[in-house]
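To keep things clear, I will list the structure first and then write my remarks on it.
Along the sequence shown, residues are numbered consecutively beginning with 1. Every heavy atom of this structure was used, including side-chain atoms; hydrogens, water molecules and symmetry mates were not.
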Amino acid sequence: MAQVTKKTMIGELLNINLDVAAPILLGIGMHCLGCPSSQMETIEEAAAVHGIDADELVKTLNEKLAEASED
């Protein structure tokens, strides 16, 4: 099972599991996922720009990635 941290790049996160990550990020207002510059941001940097708690976002992402790996 893949795990992410606040230092994980958005591009790397999307490569881990696009079907899990994209809806979560889009749901909190991160609508620039296809933008080349967003691919090189860390989860922490993206969360700061969008006023999101990075620790909570990482927790949610890891929970959903774990659920997806069980399927």
Between [Y] and [X], is there a side-chain heavy-atom distance shorter than 4.5 Å?
X   : Y   : result
Q39 : L14 : yes
I43 : T5  : no
T42 : K6  : no
Q3  : L65 : no

[X] and [Y]: which non-hydrogen atoms are nearest, and at how many Å?
X   : Y   : result
M30 : L33 : O-CG, 3.5 Å
N17 : A68 : ND2-CB, 3.9 Å
C32 : S38 : O-OG, 2.7 Å

*asked:* Hydrophobic cluster membership, with links at side-chain heavy-atom distances under 4.5 Å among I/L/V/M/F/W/Y: are V58 and L18 in one?
replied: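 Same cluster.
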*Treating Ile, Leu, Val, Met, Phe, Trp and Tyr as nodes and any side-chain heavy-atom pair under 4.5 angstrom as an edge, say whether L61 and L26 lie in one connected cluster.*
yes
*Mind checking the CD-NZ spacing from E12 to K7? Nearest 0.5 Å is all I need.*
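Rounded to the nearest 0.5 Å, the CD-NZ separation comes to 13.5 Å.
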*About how many Å separate CD of E56 and CD1 of I52, when rounded to the nearest 0.5 Å?*
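If I round to the nearest 0.5 Å, the distance is 10.5 Å.
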_Side chain N62, main chain V4, donor-acceptor under 3.5 Å_ = yes
*Okay, side chain of E41, backbone of M9: is any donor-acceptor separation there less than 3.5 Å?*
no
